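On a predicted model such as this, the values are computed, not experimentally measured, just so you know. Residue numbers begin at 1 in each chain, while the letters A, B, ... track the order of the sequences. Below, each value reflects all heavy atoms present in this structure, side chains not excepted, and no hydrogens, waters or symmetry copies.
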Number of protein chains: 2
Amino acid sequence: MEIGDDEDREPRTDYEGMCHGVRDEDGRAVRDVLDRIGDKWSLLVIGTLAGGRLRFTELQRHIPGVSQRMLTLTLRHLERDGLVSRTVHAEVPPRVEYDLTPTGRTLIAPSVALASWAIESYPAIEASRAAYDAAR
Amino acid sequence: MEIGDDEDREPRTDYEGMCHGVRDEDGRAVRDVLDRIGDKWSLLVIGTLAGGRLRFTELQRHIPGVSQRMLTLTLRHLERDGLVSRTVHAEVPPRVEYDLTPTGRTLIAPSVALASWAIESYPAIEASRAAYDAAR
DNA sequence: CGGGATCCTACTCGATACTG
DNA sequence: CAGTATCGAGTAGGATCCCG
(Lines give C-alpha, C1' and ligand atoms only; values in the text may rest on other atoms or scores of the structure.)
Protein backbone atom coordinates (compact mmCIF):
# COMPACT_ATOMS: atom_id res chain seq x y z
CA MET A 1 0.00 0.00 0.00
CA GLU A 2 1.37 3.35 -0.89
CA ILE A 3 1.26 6.28 1.38
CA GLY A 4 -0.40 8.45 -1.13
CA ASP A 5 0.06 12.10 -1.00
CA ASP A 6 -2.55 12.98 -3.51
CA GLU A 7 -2.15 16.63 -2.92
CA ASP A 8 -1.13 18.31 -6.09
CA ARG A 9 0.95 15.86 -8.00
CA GLU A 10 2.37 17.40 -11.08
CA PRO A 11 0.77 16.33 -14.32
CA ARG A 12 3.43 13.78 -14.91
CA THR A 13 6.22 15.15 -16.98
CA ASP A 14 7.17 12.31 -19.26
CA TYR A 15 10.63 12.41 -17.75
CA GLU A 16 9.37 10.03 -15.19
CA GLY A 17 10.58 7.02 -17.06
CA MET A 18 14.15 8.12 -17.00
CA CYS A 19 15.65 6.05 -14.28
CA HIS A 20 12.85 4.38 -12.41
CA GLY A 21 9.44 3.11 -13.23
CA VAL A 22 11.12 1.40 -16.11
CA ARG A 23 11.27 -1.89 -14.35
CA ASP A 24 14.90 -2.57 -13.59
CA GLU A 25 16.01 -3.61 -17.01
CA ASP A 26 16.49 -0.03 -18.13
CA GLY A 27 17.53 1.10 -14.71
CA ARG A 28 20.41 -1.29 -14.88
CA ALA A 29 21.38 0.00 -18.28
CA VAL A 30 21.48 3.57 -17.07
CA ARG A 31 23.36 2.65 -13.93
CA ASP A 32 25.79 0.54 -15.83
CA VAL A 33 26.50 3.14 -18.47
CA LEU A 34 26.82 5.82 -15.86
CA ASP A 35 29.36 3.76 -13.99
CA ARG A 36 31.44 3.71 -17.10
CA ILE A 37 31.15 7.20 -18.54
CA GLY A 38 30.77 8.68 -15.09
CA ASP A 39 34.27 7.66 -14.10
CA LYS A 40 37.12 10.07 -14.06
CA TRP A 41 38.47 9.77 -17.59
CA SER A 42 36.06 8.06 -19.96
CA LEU A 43 34.19 11.13 -21.04
CA LEU A 44 37.44 13.00 -21.55
CA VAL A 45 38.69 10.21 -23.77
CA ILE A 46 35.46 10.11 -25.76
CA GLY A 47 35.55 13.85 -26.16
CA THR A 48 39.15 13.81 -27.27
CA LEU A 49 38.66 11.00 -29.75
CA ALA A 50 35.67 12.83 -31.14
CA GLY A 51 38.26 15.03 -32.80
CA GLY A 52 39.70 12.06 -34.64
CA ARG A 53 41.84 8.98 -34.34
CA LEU A 54 44.80 9.28 -31.98
CA ARG A 55 47.74 7.28 -30.70
CA PHE A 56 48.23 6.39 -27.08
CA THR A 57 50.74 9.10 -26.30
CA GLU A 58 48.83 11.71 -28.23
CA LEU A 59 45.79 10.85 -26.20
CA GLN A 60 47.82 11.21 -23.06
CA ARG A 61 49.06 14.61 -24.11
CA HIS A 62 45.57 15.81 -24.92
CA ILE A 63 44.27 14.80 -21.52
CA PRO A 64 46.29 16.58 -18.86
CA GLY A 65 46.72 14.71 -15.64
CA VAL A 66 45.84 11.25 -16.80
CA SER A 67 48.29 8.57 -15.74
CA GLN A 68 49.51 5.85 -18.04
CA ARG A 69 47.72 3.26 -16.01
CA MET A 70 44.37 5.06 -15.94
CA LEU A 71 44.48 5.84 -19.63
CA THR A 72 45.15 2.19 -20.38
CA LEU A 73 42.38 1.00 -18.09
CA THR A 74 39.91 3.51 -19.44
CA LEU A 75 40.69 2.57 -23.02
CA ARG A 76 40.34 -1.14 -22.25
CA HIS A 77 36.95 -0.59 -20.69
CA LEU A 78 35.75 1.51 -23.58
CA GLU A 79 37.06 -1.06 -26.00
CA ARG A 80 35.31 -3.82 -24.15
CA ASP A 81 32.07 -1.87 -24.32
CA GLY A 82 32.53 -1.45 -28.04
CA LEU A 83 32.79 2.34 -27.89
CA VAL A 84 36.43 2.63 -28.86
CA SER A 85 38.45 0.66 -31.37
CA ARG A 86 42.09 -0.25 -30.89
CA THR A 87 44.29 -0.80 -33.92
CA VAL A 88 47.79 -2.16 -33.58
CA HIS A 89 50.12 -1.56 -36.52
CA ALA A 90 52.82 -4.18 -36.85
CA GLU A 91 55.78 -1.85 -36.87
CA VAL A 92 58.76 -0.84 -34.84
CA PRO A 93 58.36 1.21 -32.86
CA PRO A 94 54.84 -0.01 -32.22
CA ARG A 95 51.99 2.21 -33.23
CA VAL A 96 48.57 1.81 -31.68
CA GLU A 97 45.70 3.97 -32.72
CA TYR A 98 42.44 4.55 -30.96
CA ASP A 99 39.24 5.72 -32.51
CA LEU A 100 35.57 5.90 -31.73
CA THR A 101 33.42 3.11 -33.09
CA PRO A 102 30.10 3.95 -34.75
CA THR A 103 28.42 3.16 -31.46
CA GLY A 104 30.92 5.34 -29.66
CA ARG A 105 30.09 8.22 -31.94
CA THR A 106 26.45 8.07 -31.01
CA LEU A 107 27.52 8.87 -27.47
CA ILE A 108 29.00 12.17 -28.52
CA ALA A 109 25.72 14.02 -28.89
CA PRO A 110 24.35 13.30 -25.41
CA SER A 111 27.78 13.90 -23.94
CA VAL A 112 28.03 17.28 -25.59
CA ALA A 113 24.57 18.10 -24.31
CA LEU A 114 25.66 17.28 -20.80
CA ALA A 115 28.94 19.13 -21.12
CA SER A 116 27.15 22.19 -22.44
CA TRP A 117 24.78 22.09 -19.54
CA ALA A 118 27.70 21.87 -17.18
CA ILE A 119 29.45 24.86 -18.71
CA GLU A 120 26.33 26.96 -18.83
CA SER A 121 25.16 26.07 -15.36
CA TYR A 122 28.47 26.22 -13.61
CA PRO A 123 28.31 29.87 -12.61
CA ALA A 124 24.93 29.29 -10.98
CA ILE A 125 26.21 26.18 -9.27
CA GLU A 126 29.26 27.90 -7.89
CA ALA A 127 27.13 30.77 -6.66
CA SER A 128 24.77 28.37 -4.98
CA ARG A 129 27.63 26.58 -3.30
CA ALA A 130 29.07 29.82 -2.00
CA ALA A 131 25.69 30.85 -0.64
CA TYR A 132 25.14 27.45 0.94
CA ASP A 133 28.51 27.43 2.60
CA ALA A 134 28.14 30.99 3.80
CA ALA A 135 24.80 30.15 5.41
CA ARG A 136 26.33 27.75 7.87
CA MET B 1 17.45 25.57 -25.40
CA GLU B 2 17.32 22.29 -27.14
CA ILE B 3 19.82 19.56 -26.78
CA GLY B 4 22.11 19.10 -29.71
CA ASP B 5 21.50 22.57 -30.99
CA ASP B 6 24.81 23.71 -32.21
CA GLU B 7 24.21 27.37 -32.58
CA ASP B 8 27.21 29.08 -34.00
CA ARG B 9 29.88 26.52 -33.52
CA GLU B 10 32.77 25.86 -35.79
CA PRO B 11 32.10 22.95 -38.11
CA ARG B 12 35.42 21.51 -37.13
CA THR B 13 34.40 18.10 -35.80
CA ASP B 14 32.49 20.46 -33.64
CA TYR B 15 32.62 18.07 -30.74
CA GLU B 16 36.16 19.03 -30.11
CA GLY B 17 35.36 21.65 -27.58
CA MET B 18 33.59 19.26 -25.31
CA CYS B 19 36.14 18.58 -22.65
CA HIS B 20 39.44 19.90 -23.74
CA GLY B 21 40.77 22.76 -25.77
CA VAL B 22 38.42 24.92 -23.80
CA ARG B 23 41.02 26.35 -21.55
CA ASP B 24 40.58 24.67 -18.22
CA GLU B 25 37.77 26.86 -17.03
CA ASP B 26 35.17 24.80 -18.85
CA GLY B 27 37.08 21.60 -18.30
CA ARG B 28 36.78 22.16 -14.61
CA ALA B 29 33.06 22.76 -14.93
CA VAL B 30 32.53 19.53 -16.82
CA ARG B 31 34.69 17.56 -14.44
CA ASP B 32 33.06 19.11 -11.43
CA VAL B 33 29.55 18.50 -12.66
CA LEU B 34 30.40 14.98 -13.69
CA ASP B 35 31.77 14.27 -10.26
CA ARG B 36 28.41 15.19 -8.86
CA ILE B 37 25.90 13.71 -11.27
CA GLY B 38 28.22 10.87 -12.12
CA ASP B 39 28.08 9.49 -8.63
CA LYS B 40 25.99 6.54 -7.70
CA TRP B 41 22.70 8.19 -6.79
CA SER B 42 22.44 11.80 -7.98
CA LEU B 43 21.02 11.08 -11.40
CA LEU B 44 18.54 8.65 -9.93
CA VAL B 45 17.40 11.32 -7.48
CA ILE B 46 17.09 13.92 -10.24
CA GLY B 47 15.18 11.48 -12.38
CA THR B 48 12.84 10.59 -9.55
CA LEU B 49 12.20 14.18 -8.56
CA ALA B 50 11.48 14.98 -12.18
CA GLY B 51 8.17 13.25 -11.52
CA GLY B 52 7.37 15.76 -8.81
CA ARG B 53 8.03 16.79 -5.25
CA LEU B 54 8.66 13.95 -2.80
CA ARG B 55 9.35 13.35 0.86
CA PHE B 56 12.50 11.74 2.12
CA THR B 57 11.01 8.31 2.70
CA GLU B 58 9.11 8.37 -0.57
CA LEU B 59 12.32 9.15 -2.34
CA GLN B 60 13.96 6.26 -0.60
CA ARG B 61 11.20 3.90 -1.67
CA HIS B 62 11.42 5.05 -5.28
CA ILE B 63 15.15 4.40 -5.42
CA PRO B 64 15.76 0.78 -4.57
CA GLY B 65 19.01 0.07 -2.80
CA VAL B 66 19.85 3.54 -1.61
CA SER B 67 20.86 3.75 2.02
CA GLN B 68 19.63 6.43 4.36
CA ARG B 69 23.06 7.86 4.60
CA MET B 70 23.69 8.05 0.88
CA LEU B 71 20.30 9.53 0.15
CA THR B 72 20.93 12.21 2.74
CA LEU B 73 24.39 12.96 1.41
CA THR B 74 23.22 13.04 -2.18
CA LEU B 75 20.37 15.38 -1.37
CA ARG B 76 22.69 17.68 0.60
CA HIS B 77 25.08 17.90 -2.30
CA LEU B 78 22.32 18.57 -4.79
CA GLU B 79 20.89 21.17 -2.46
CA ARG B 80 24.25 22.83 -2.09
CA ASP B 81 24.59 22.96 -5.85
CA GLY B 82 21.17 24.56 -6.10
CA LEU B 83 19.64 21.73 -8.07
CA VAL B 84 17.28 20.47 -5.41
CA SER B 85 15.25 22.40 -2.86
CA ARG B 86 14.55 21.20 0.64
CA THR B 87 11.42 22.34 2.44
CA VAL B 88 10.87 21.58 6.09
CA HIS B 89 7.30 21.81 7.31
CA ALA B 90 7.01 22.66 10.98
CA GLU B 91 4.83 19.77 12.02
CA VAL B 92 4.90 16.62 14.08
CA PRO B 93 5.85 14.25 12.78
CA PRO B 94 8.29 16.29 10.72
CA ARG B 95 7.69 16.52 7.01
CA VAL B 96 10.48 17.38 4.62
CA GLU B 97 9.88 17.71 0.94
CA TYR B 98 12.39 17.73 -1.85
CA ASP B 99 11.91 19.16 -5.30
CA LEU B 100 13.93 20.21 -8.28
CA THR B 101 14.83 23.85 -8.51
CA PRO B 102 14.45 25.67 -11.83
CA THR B 103 18.15 25.07 -12.42
CA GLY B 104 17.71 21.45 -11.49
CA ARG B 105 14.96 21.08 -14.06
CA THR B 106 17.25 22.25 -16.83
CA LEU B 107 19.36 19.21 -16.07
CA ILE B 108 16.50 16.87 -16.89
CA ALA B 109 16.76 17.22 -20.66
CA PRO B 110 20.46 16.30 -21.00
CA SER B 111 19.99 13.57 -18.42
CA VAL B 112 17.12 12.08 -20.35
CA ALA B 113 19.22 12.23 -23.49
CA LEU B 114 21.97 10.31 -21.77
CA ALA B 115 19.58 7.82 -20.20
CA SER B 116 17.93 7.22 -23.54
CA TRP B 117 21.28 6.59 -25.13
CA ALA B 118 22.11 4.15 -22.36
CA ILE B 119 18.90 2.22 -22.81
CA GLU B 120 19.16 2.12 -26.58
CA SER B 121 22.83 1.22 -26.64
CA TYR B 122 22.82 -1.28 -23.85
CA PRO B 123 22.13 -4.36 -25.96
CA ALA B 124 25.07 -3.49 -28.20
CA ILE B 125 27.28 -2.83 -25.20
CA GLU B 126 26.41 -6.11 -23.55
CA ALA B 127 27.03 -7.96 -26.79
CA SER B 128 30.39 -6.26 -27.17
CA ARG B 129 31.37 -7.16 -23.64
CA ALA B 130 30.44 -10.78 -24.17
CA ALA B 131 32.45 -10.91 -27.38
CA TYR B 132 35.41 -9.20 -25.74
CA ASP B 133 35.41 -11.55 -22.80
CA ALA B 134 35.01 -14.59 -24.99
CA ALA B 135 37.99 -13.57 -27.09
CA ARG B 136 40.40 -13.92 -24.21
C1' DC C 1 9.96 10.90 10.21
C1' DG C 2 14.25 12.56 8.86
C1' DG C 3 18.19 12.54 9.68
C1' DG C 4 23.40 12.97 12.26
C1' DA C 5 27.55 10.40 14.04
C1' DT C 6 30.54 6.32 13.66
C1' DC C 7 32.75 2.50 11.96
C1' DC C 8 34.34 -0.27 8.42
C1' DT C 9 35.21 -2.29 3.80
C1' DA C 10 36.11 -2.28 -1.05
C1' DC C 11 37.44 -0.22 -4.66
C1' DT C 12 39.39 3.73 -7.33
C1' DC C 13 43.08 6.05 -8.59
C1' DG C 14 48.01 7.73 -8.59
C1' DA C 15 53.03 6.87 -8.29
C1' DT C 16 56.56 4.10 -9.46
C1' DA C 17 59.17 0.57 -11.64
C1' DC C 18 59.76 -2.71 -15.22
C1' DT C 19 59.15 -4.69 -20.36
C1' DG C 20 58.72 -6.17 -25.46
C1' DC D 1 56.11 3.56 -27.86
C1' DA D 2 52.76 1.35 -25.41
C1' DG D 3 51.95 -0.78 -22.26
C1' DT D 4 52.01 -4.37 -17.49
C1' DA D 5 52.81 -5.14 -12.44
C1' DT D 6 52.82 -3.78 -7.80
C1' DC D 7 51.96 -0.96 -3.88
C1' DG D 8 49.70 2.30 -1.08
C1' DA D 9 46.59 6.29 0.08
C1' DG D 10 42.24 8.17 -0.16
C1' DT D 11 37.47 7.85 -0.41
C1' DA D 12 32.83 6.36 -1.82
C1' DG D 13 29.49 3.98 0.07
C1' DG D 14 27.06 0.39 3.26
C1' DA D 15 25.65 -0.96 8.08
C1' DT D 16 24.42 0.38 12.44
C1' DC D 17 23.10 3.19 16.38
C1' DC D 18 20.99 7.09 18.17
C1' DC D 19 18.36 11.43 18.56
C1' DG D 20 14.69 15.49 18.19
Asker: Taking the side chain of A/Met70 as heavy atoms from C-beta outward, which of D/dA2, D/dG3, C/dC13 is closest to it?
Answerer: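 That would be C/dC13.
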Asker: For the pair made of CZ in B/Arg76 and P in C/dA5, what is the distance, rounded to whole Å?
Answerer: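 B/Arg76 atom CZ is separated from C/dA5 atom P by 11 Å.
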Asker: Can you tell me how far P of C/dC1 sits from CG of B/Leu75, to the nearest Å?
Answerer: 17 Å
Asker: When B/Ile46 is tested against each of B/Val112, B/Leu78, B/Ile37 for side-chain contact (heavy atoms from CB on, under 4.5 Å), which residue passes?
Answerer: B/Leu78
Asker: Rounded to whole angstrom units, what separation is found between the CZ atom of A/Phe56 and the C1' atom of C/dG20?
Answerer: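 It works out to 15 Å between those atoms.
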Asker: Hey, could you give me the CG/CG distance between B/Leu83 and B/Leu75, rounded to the nearest 0.5 Å?
Answerer: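 Spacing of CG (B/Leu83) from CG (B/Leu75) equals 11.5 Å.
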Asker: Which nucleotide wins on minimum distance to the side chain of A/Lys40, given the candidates D/dG14, C/dG4, C/dC13?
Answerer: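 Nearest listed nucleotide: C/dC13.
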Asker: Starting at atom CG of A/Leu71, determine the distance to atom P of C/dG14, rounded to an integer number of angstrom.
Answerer: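 Rounded to the whole Å, the gap is 11 Å.
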Asker: How do A/Gly38 and B/Gln68 order along DNA chain C: which one's closest nucleotide is nearer the 5' end?
Answerer: B/Gln68
Asker: Would you kindly give the CG-to-P distance between B/Leu73 and D/dA12, to the nearest whole Å?
Answerer: 10 Å
Asker: Within this structure, what is the CD-to-P distance between B/Glu58 and C/dG3, rounded to whole angstrom?
Answerer: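 Roughly 13 Å, once rounded to whole Å.
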Asker: Over all heavy atoms of both residues, which pair between B/Thr101 and B/Ser85 is shortest? Give the atoms and the distance, please.
Answerer: CG2-N, 3.7 Å
Asker: Can you identify which nucleotide, out of D/dC1, D/dG13, C/dC1, has its nearest atom closest to the B/Asp39 side chain?
Answerer: D/dG13
Asker: Does B/Tyr98 make a side-chain N or O approach to OP1 or OP2 of C/dC1 shorter than 4.0 Å?
Answerer: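 Checking C/dC1 against B/Tyr98, no side-chain N or O comes under 4.0 Å of OP1 or OP2.
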Asker: Measure the distance from NE2 on A/His77 to P on D/dG3 and round it to the nearest whole Å.
Answerer: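 Rounded to the whole Å, the gap is 14 Å.
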Asker: Can you see whether A/Trp117 has B/Arg105 sitting over its ring - NZ or CZ less than 6.0 Å from the centre and within 45° of the normal?
Answerer: no
Asker: Tell me which nucleotide among D/dT6, D/dG20, D/dG3 gets nearest to the side chain of A/Arg69.
Answerer: D/dT6
Asker: The side chain of B/Pro94 lies closest to which of these nucleotides: D/dG20, D/dA2, C/dG3?
Answerer: D/dG20
Asker: Is it possible for you to say whether A/Leu54 and A/Leu73 belong to one hydrophobic cluster, with membership spreading through side-chain heavy-atom contacts below 4.5 Å?
Answerer: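 Same cluster.
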Asker: Rounding to a whole Å, what distance do you find between B/Glu97:CD and C/dG3:P?
Answerer: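 Atom-to-atom, B/Glu97 to C/dG3, this comes out as 12 Å.
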